[in-house]
Amino acid sequence: MARPFDVQSVESKWQARWLDDGSYEIENDDPRERFYALCMYPYPSGTAHQGHIRNYTFGDLVVRYQTMRGKAVLSPFGFDSFGLPAENAAIKAGSHPRLFTDARMKELKSSVRRLGAVYDWRREVFSHDPQYMKYSQTIFLALFKAGLAYRAEAPVNWCPGCATVLANEQVLTDGTCERSGDLVERKNLEQWFFKITDYADELLRDIDTLDWPERVKTMQRNWIGRSEGVEFDLPLANDPSKALRVFTTRPDTGYGVTYAVVAPEHPLLDQLTTEDERPSVTALVQRAKSASEVERTASSDSGAGLEKRGAFTGSFVLNPFTNEQVPVYVADYVLGTYGTGAIMAVPAEDERDYAFAMVHGLPVVRTVEPPEGFEGGAFSGDGPHINSGFLNGLQTKEAKTLASDYLATHARGIKKVNFRLRDWLVSRQRFWGCPIPIVYCDDCGIVPVPLDDLPVLAPDDVTMDKSGQSPLATHEGFRNVACPKCAKPARREADTMDTFTDSSWYFLRYADPFTPGQPFDAAQVAKWMPVDQYIGGIEHAILHLLYARFYLKALIDIGLAPGLPREPFRRLFTQGMIRLEGAKMSKSKGNLIAPEKYYETVGADGLRLFHLFVGPPADDVDWTEQTEDVIEGCGRFLDRLYRLTQYDEVNFHDQEDDSDFAVRQALHRTIVKVTDDIEGWRYNTSVAAMMELLNTVSKWARSEHGAQRAVLDEVLDVMLRLLAPMAPHITAELWEQRHPQGSSLHRQSWPEADPALVKHEMITMVVQVNGKVRARVEVSPDINEEQAELAALADEEIVKVLAGSKPQRLVVRPPRLVNIII
RNA sequence: GGGGGCGUAGCCCAAUUGGCAGAGGCAGGGCGCUUAAACCGCCUCCAGUGAGGGUUCGAGUCCCUCCGCCCCUACCA
């Protein structure tokens with residue numbers, strides 16, 4: 001495509017200038033109103049792909065727009081630079097993950113520069129920076145001292161073939177190792193946890209205060225999974241002094257309990273199991289233990305329909321409502337980690353229990369009358385209680401209350417709130433992560449590394465293949481250390497931290513990476529927080545956002561971040577995915593479309609414009625054969641703008657007239673439209689509005705009658721300002737051509753519309769007869785009902801259509817429409 | 001199984017939030033420019049809104065039912 005200007009040289013000129021003049025370096029004491037714009041911390045996977053391009057196009061638009069609105073905008077960048085891909089690549093290449101990672105960071109950095117996105121590079125953060133690691137470790141130790149970090153046993157994915165621990169993403173869907181193909185086992189290890197569950201209530205409650213997409217909020221609520229119920233005792237039939245404790249949200253269905261179930265991990269299982277039943281119970285427990293999650297769920301694609309495996313323990317418990325004996329089963333559909341690890345089973349009102357009862361031939365007793373015509377097994381809805389003694393006739397709500405009271409006096413029942421949310425397992429048996437700064441001493445136990453000795457850095461000469469544990473565990477030089485307390489020989493923790501810890505506080509460090517000796521100065525950070533606009537992918541809707549929210553709350557509570565708001569991200573925007581032939585575009589799928597070729601044709605500006613224009617920013621983008629043409633079209637738009645600013649084929653007249661006035665009106669209406677659309681994340685329609693305006697202006701200026709020069713000048717200057725956040729290079733270049741002595745385009749203020757020009761003096765009102773459009777009348781937008789009615793009835797065409805018949809009814813909606821019903 | 005989203009022209013998408021279905025772009029067609037083509041400029045064809053029902057003077061928009069596609073989640077008692 002032949003272009004009227006040299007895209008590459010224009011773009012590189014401005015990219016260099018933005019770097020050199022530090023336009024987007026921002027000081028913490030800037031007196032202007034503040035705005036913190038942030039794109040999610042990227043993993044440096046190499047040069048940018050279209051997903052990055054889209055993300056940073058949106059982010060840069062926000063930065064430039066808010067800057068033109070007179071704000072002091074904080075726009076930082078950095079890298080989530082620890083993680084498995086670098087470690088795997090290093091193992092494969094026999095090199096060090098740092099070399100690999102540094103190279104990928106450099107590539108991504110040059111990609112965002114080539115896109116023309118601007119950042120305050122002095123604030124750059126990357127996870128494997130020893131300075132950053134030092135403070136990641138400082139935070140870990142502070143959480144430990146506050147009792148928010150603790151050690152416990154937890155299962156890991158163990159590959160017997162590789163003799164190593166696998167991350168979840170290294171386990172294929174069939175439960176085998178992605179590298180060796182061996183069946184992955186579960187193995188228990190002592191690991192570190194953060195007590196995020198202490199914050200479950202607050203994390204749930206504060207969701208209501210966030211300006212986030214509704215679906216992200218819903219996902220977080222579901223993930224936290226608060227549920228209210230009752231915990232109570234089921235006494236053992238042969239020894240009522242002992243009891244099985246269970247949790248239920250439906251105490252009202254207690255008369256329908258026909259059996260009980262314990263999880264395979266339940267501590268009482270051994271006692272409950274009789275000798276006759278021991279072989280089948282043991283078999284079930286063995287299978288549940290060795291089988292991966294995948295195998296447990298592989299038998300069906302729907303949760304309720306899963307095959308319900310279980311075994312009778314040989315024991316019975318007493319239903320506290322009926323005093324009848326019911327059998328106790330062990331089954332893997334009951335989780336050891338939720339509630340008490342045991343349940344009362346009510347097949348008539350719970351689908352899972354129903355499915356199990358069907359398989360194992362257990363009785364079903366309805367306690368809630370299903371609605372007329374109800375077909376199917378379990379009915380979990382509301383209805384009058386039956387077969388339920390003192391609860392008969394009650395609706396669920398009252399029955400719940402009475403049943404809870406009954407359990408409180410008869411079965412040591414207490415009201416209980418359970419959360420689905422688990423504590424955050426932060427230990428990773430990996431090399432390329434931030435080491436956990438802990439020492440284990442035979443005499444002193446768990447000893448934190450003194451703050452002065454931070455950061456704990458991994459040694460470079462580590463072999464990263466097939467060790468039994470963490471790669472660091474076999475490095476004697478690293479592992480052996482003097483106990484910080486008693487100086488006797490001790491051993492370092494060999495695990496590293498989950499990389500989600502790095503992305504849980506980087507946005508605080510951005511706000512103040514300058515104060516020496518601490519992660520950040522809270523008073524400095526408070527000037528910027530919370531983040532005004534956070535932009536990223538929907539894939540982080542749950543974990544990253546939840547962990548970051550937890551971190552900030554915890555940091556405040558343990559005194560590391562006094563005075564900060566308790567929620568980090570005030571406003572969140574999640575962009576749509578890019579997909580190629582239906583599949584998500586990603587590096588692992590190998591279906592990326594590299595941006596480089598477009599830099600040569602339409603430039604970064606054209607590509608940015610495409611991403612803004614292609615559809616609503618929140619929607620997915622389908623990359624098809626037509627996409628190339630659409631991108632070309634975006635480039636053509638910029639070409640047309642360029643030519644017009646050269647006054648090619650433009651005619652002029654002297655006195656301003658109606659045609660000039662009409663164009664000025666169009667211009668000012670476009671200012672309103674583009675501004676509103678940008679504020680409302682409707683970039684696609686704001687670009688369309690600019691295209692429409694260019695069409696109008698260009699037709700006007702190239703008509704025989706031509707344009708009045710001052711008006712054309714005004715129009716073009718405003719258009720360049722409106723387009724500046726979208727296509728920053730070419731607009732800056734054209735601005736400089738037009739104002740060689742003035743300051744640069746990106747230092748100009750955002751255009752303001754003149755209300756007098758925005759207002760329509762006349763507007764078309766539709767007149768319908770029986771809902772059919774019969775006439776259009778030009779009216780003032782301020783017209784009232786009476787005037788609208790008069791105008792409608794006075795219209796010639798309407799008089800003709802009515803032909804004297806009397807209107808039954810008039811629907812008058814000034815100034816838009818009058819509907820006459822006859 | 002649960003939760004959420006989306007179906008408008010050949011394609012990507014708009015539609016003042018219940019008021020004339022079309023702003024913008026892509027593709028197609030025509031004309032002009034050109035020795036010719038590309039580029040460029042101008043003009044133009046194209047749907048009654050996935051299906052059915054309801055509310056309303058009026059429904060793409062609100063409410064039911066169904067169909068199709070996508071995303072998230074998964075036995076949390």
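Letters go in sequence order (proteins before strands), and every chain restarts at 1.
A salt bridge links Asp233(A) with Arg412(A): at least one charged nitrogen is closer than 4.0 Å to a carboxylate oxygen. Classification of Asp782(A) and Lys759(A) as a salt-bridged pair holds, one side-chain N sitting under 4.0 Å from a carboxylate O.
The shortest distance between the side-chain N/O atoms of Arg813(A) and the OP1/OP2 oxygens of G19(B) is not below 4.0 Å. For Asn684(A) and A14(B), the shortest distance from a side-chain N or O to OP1 or OP2 is below 4.0 Å. Taking 4.0 angstrom as the limit, Asn222(A) places none of its side-chain polar atoms (N or O) nearer than this to OP1 or OP2 of A74(B).
Comparing G25(B), A77(B), C42(B) by their nearest atom to the side chain of Thr248(A) picks out A77(B). Closest to the side chain of Gln626(A), from the set G41(B), C26(B), A14(B), is C26(B).
For Arg640(A) and Phe419(A), each mapped to the nucleotide of RNA chain B holding its nearest heavy atom, the one lying further toward the 5' end belongs to Arg640(A).
Here A23(B) sits opposite no nucleotide as a Watson-Crick or G-U wobble pair (both hydrogen-bonding atom distances under 3.5 Å). In this structure, G60(B) forms no base pair with any nucleotide, since neither Watson-Crick nor G-U wobble geometry is met with both distances under 3.5 Å. With a cut-off of 3.5 Å on both Watson-Crick or G-U wobble distances, the partner of C69(B) is given as G5(B).
Dense packing is recorded around CD of Glu778(A), with more than 12 heavy atoms of other residues, nucleotides or ligands lying under 6.0 Å away.
For RNA chain B, the residues of residues 338-346 of chain A within the heavy-atom distance limit of 4.0 Å (strictly under) are Tyr338(A), Ile343(A), sorted by number. Of all the residues in residues 223-231 of chain A, Trp223(A), Ser227(A) reach under 4.0 Å from RNA chain B with at least one non-hydrogen atom.
Residues passing the side chain to side chain donor-acceptor pair (under 3.5 Å) test with Asn695(A), sequence neighbours excluded: Arg640(A). Considering only residues two or more places apart in sequence or on other chains, Lys415(A) meets the salt bridge (Lys or Arg N to Asp or Glu O under 4.0 Å) condition with none of them. Applying the side chain to side chain donor-acceptor pair (under 3.5 Å) test to Arg420(A) and every residue at least two apart in sequence or in another chain returns nothing. With sequence neighbours left out, Lys673(A) forms a side chain to side chain contact (heavy atoms under 4.5 Å, CB included) with Asp677(A), Thr685(A), Ala689(A).
Taking atom CZ of Phe356(A) as the reference point, atom P of C75(B) lies 16 Å away to the nearest angstrom. Taking atom CZ on Arg215(A) and atom P on G4(B), their separation rounds to 12 Å, with Å as the unit.
Within the nucleic acid shown, Asn418(A) has no heavy atom closer than 4.0 Å to any nucleic acid atom.
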